[in-house]
Amino acid sequence: MSRFSLYDDEAHPSPWQQTWQAFKSSHIALVGLALLMLFVFFAFFAPLVTPYDPNSQNTEALLIPPSWAANGSITHLFGTDALGRDLFSRIMYGCRVTFGTSLLVVIIAMLIGVTIGTIAGMLSGVRSSVMNHLLDALMAIPTLLIAIIIVGILGSGLVNSMWAITLALIPQFIHHTRSFVRSEMKKDYIQSSTLDGANYLQVFYYSILPNMIEMLVVQGALALSVAILDISALGFLNLGAQAPLPELGAILAAGLDAGYLAPWNIALPGITIFLMVLSITIVGDGLRSALRKRVNR
Amino acid sequence: MSQILDVSGLTFRHSGKKRWLKKPEIFALGPIDMQVMKGETIAIIGQNRSGKSLLAKMLAGAVEPDAGTISLLERKYWSVKHRTARKRADITGIRMIFQHSSESMNPGISVGQILDEPLRLNSSLSEAERKDLIADTLVKVGLLREHFYFYRHMLSDGQQQRVSLARAILPDPKVLIADEPFAALDPTIRSQTVNLILRLQKEMGLAFVFISHNLGIVRHIADRVIVMDNGQIIESGKTETIFRWPQHEMTKKLVLSYQSLIPQQTLR
């Protein structure tokens with residue numbers, strides 16, 4: 001069928017382009033995004049950009065102050081720690097370990113939580129209730145305590161602490177997804193989809209998921225900051241990542257030994273964790289308001 | 001005129017089970033018998049809580065009746081509860097326009113995707129063919145092809161109503177059921193929509209069953225009127241007959257309340 005229309009040339013931005021347009025209008029969100037991109041860059045390309053091996057010890061250069069201090073040197077940008085390891089390289093690798101594992105943990109928790117929550121939301125009666133409260137026992141205790149219990153049973157180590165945090169994050173996702181799907185399933189447009197013959201999977205994918213993204217972004221950002229804090233807390237307590245592994249919490253704990261002598265060994269990893277959580281919160285918030293603008297304005 | 005929809009003994013009982021801290025609700029609909037001819041317009045009128053919306057939902061298959069059958073062109077029309085039976089049957093014969101509300105259109109996807117759904121699920125057209133058909137239908141209901149990319153919040157109430165109409169007529173149905181399609185619209189848009197539906201009905205040979213509280217429109221477009229009260233059909237017949245010689249108390253009240261607005265007319 002051939003048609004002649006001058007208007008077809010007009011560009012119609014895709015949903016993601018519209019979201020980006022709305023996101024761009026907030027400057028704070030853009031700064032947060034730039035910061036987050038920096039951490040993502042470190043997470044992916046740390047081996048390529050680090051000046052030193054994060055684990056190589058140099059007895060010639062113990063506790064060198066950072067480059068901006070009076071007696072610091074530019075060869076070690078953030079100075080060195082008590083074993084003569086370059087702190088800048090260690091923090092870059094620390095972003096890789098802390099940020100990367102947190103992201104992985106949140107993605108796994110989100111996939112499992114949203115799946116169980118959706119099933120619970122679409123079922124009804126006792127089955128729905130059972131699905132919904134499957135992991136509720138975990139919510140009775142703070143996430144960090146659950147993590148400590150699981151690490152206590154399975155033994156310390158980064159992978160064990162990842163499992164622990166994943167388990168602790170799942171119930172929130174289940175509850176939010178279930179209540180969202182519940183309220184959505186009652187709406188008229190879902191009913192007209194089912195009248196068209198859409199099965200549960202199609203209803204979820206085409207009708208519910210596009211509306212759920214805002215909720216997922218909010219919960220995902222929240223979960224990601226919780227995961228980062230928990231992973232570094234477990235590393236700090238020497239229950240998570242073990243000694244030579246450059247994990248931000250573990251680096252911070254190692255810096256504690258020479259805290260009075262070399263305060264930058266505590267301050268710099270601490271600031272990194274702070275900035276990481278801050279940027280995630282800002283980007284999550286900006287993304288949420290951008291998504292809301294796309295659908296409501 | 002040939003009969004296309006035959007409803008016999010349709011009954012719905014509100015679940016009488018007594019729940020904890022809750023009295024059983026007493027509401028029963030039916031049994032309802034009605035026939036719809038090809039190209040016919042039927043209006044269902046009645047007070048609130050008389051079971052009109054429920055009847056519409058049952059006709060469209062959204063609510064499973066407790067007894068009775070709906071046959072479309074001599075074949076049983078299944079409700080959504082019977083998934084496997086519906087897979088084999090033609091489920092696009094009866095289409096429903098829901099009561100206009102903020103929930104009648106999905107806010108998260110574009111108009112094009114909303115309209116694509118019935119075709120994607122119920123036809124073997126390719127994506128390009130579907131897009132062409134959707135564009136044609138959008139023009140048919142008085143929208144622009146550009147509305148394909150619009151979202152719900154960019155459209156006015158009247159335009160949203162047109163989108164619902166487009167979605168209903170896309171798979172070329174036999175019967176269109178509408179629950180108060182003109183309620184949320186202002187008089188000019190309402191007249192436009194009425195004319196649009198009348199035109200489409202003429203073009204496509206649709207049977208149109210609608211619920212309305214606006215007796216002016218009912219009198220204007222309906223061939224037959226069904227009056228419902230408390231879950232029962234209390235009177236039905238040709239529009240003029242019902243409006244001029246109402247038999248039942250309730251019908252008299254409804255017609256009087258309408259005609260008291262038009263001073264020159266009196267009941268004979």
Side-chain angles (χ1 to χ4, degrees), chain A residues 1-19 21-22 122 124-125 180-217 290-297, chain B residues 57 60-63 78-81 83 86-87 89-92 94-110 112-114 116-123 128-129 131-133 135-136 139 144-154 164 167-168 170-171 177 179:
Chain A
M1 213 185 293
S2 64
R3 263 207 221 86
F4 182 71
S5 168
L6 294 171
Y7 299 104
D8 263 4
D9 292 336
E10 193 190 344
H12 293 286
S14 71
W16 289 114
Q17 283 169 323
Q18 285 176 24
T19 311
Q21 294 288 338
M122 286 184 164
S124 59
F180 186 85
V181 171
R182 265 272 148 116
S183 65
E184 207 74 350
M185 286 299 276
K186 292 197 187 94
K187 294 184 175 169
D188 278 349
Y189 54 80
I190 302 290
Q191 198 160 40
S192 43
S193 295
T194 39
L195 273 176
D196 283 340
N199 58 29
Y200 283 133
L201 208 63
Q202 285 161 331
V203 164
F204 174 71
Y205 185 74
Y206 290 105
S207 303
I208 297 179
L209 198 59
N211 296 307
M212 199 159 72
I213 288 173
E214 187 189 319
M215 186 274 281
L216 288 183
V217 163
L291 286 168
R292 191 171 284 173
K293 262 183 207 160
R294 177 172 78 80
V295 176
N296 290 329
R297 201 184 58 189
Chain B
K57 280 187 179 165
V63 175
W78 297 93
S79 78
V80 274
K81 218 179 160 190
R83 281 179 180 281
R86 270 171 81 87
K87 252 180 211 151
D90 170 34
I91 56 168
T92 56
I94 305 178
R95 303 283 293 166
M96 174 151 184
I97 301 174
F98 284 92
Q99 203 161 357
H100 177 80
S101 70
S102 58
E103 289 169 3
S104 49
M105 251 175 98
N106 193 338
I109 57 179
S110 68
Q113 286 168 295
I114 290 175
D116 191 39
E117 190 170 38
L119 293 177
R120 194 184 63 230
L121 294 168
N122 295 307
S123 74
E129 288 171 326
K131 205 171 167 182
D132 275 345
L133 185 58
D136 286 344
V139 174
L144 299 170
R145 265 184 281 140
E146 283 71 43
H147 284 116
F148 190 91
Y149 302 100
F150 279 41
Y151 286 85
R152 190 192 75 184
H153 65 281
M154 305 175 183
S164 320
R167 190 180 199 280
L170 256 174
I177 295 165
D179 191 351

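Residue numbers begin at 1 in each chain, while the letters A, B, ... track the order of the sequences.
- Under the 3.5 Å distance criterion, the side-chain polar atoms of B/Asn122 are matched with a main-chain donor or acceptor of A/Asp196.
- Counting heavy-atom pairs closer than 4.5 Å to chain A, the top residue among B/Glu117, B/Arg167, B/Glu103 is B/Glu103.
- Taking every heavy atom of both residues into account, B/Asn106 and A/Tyr206 meet most closely at ND2-O, 4.1 Å.
- B/Ala62 and A/Leu195 get closest at one heavy-atom pair: N-CD2, 3.8 Å.
- With a 4.5 Å cut-off on non-hydrogen atoms, B/Arg152 does not touch chain A at all.
- Contact of A/Gln18 with chain B is made through the side chain alone, with heavy-atom distances under 4.5 Å.
- Considering CG of A/Leu209 and CD1 of B/Ile109, their distance stands at 11.0 Å, rounded to 0.5 Å.
- Within a 6.0 Å sphere centred on CZ of B/Phe150, heavy atoms belonging to other residues, nucleotides or ligands number more than 12.
- Interface residue B/Gln99: only backbone heavy atoms are found under 4.5 Å from chain A.
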Kindly indicate, with the supporting measurements, whether the criterion side chain to side chain contact (heavy atoms under 4.5 Å, CB included) is fulfilled by A/Gln191 and B/Met96.
CA-CA 10 Å; A/Gln191 198 160 40; B/Met96 174 151 184; over 6 Å; no
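- For the options B/Glu129, B/Arg95, B/Arg120, heavy-atom pairs under 4.5 Å to chain A are most numerous at B/Arg120.
- Legend: residues meeting side-chain hydrogen bond (donor to acceptor under 3.5 Å, both in side chains) with A/Glu184, ordered by chain and number and at least two apart, are A/Lys187, A/Tyr189, A/Asn211.
- Here the side chains of B/Gln113 and A/Pro210 are not in contact, with every heavy-atom distance at 4.5 Å or above.
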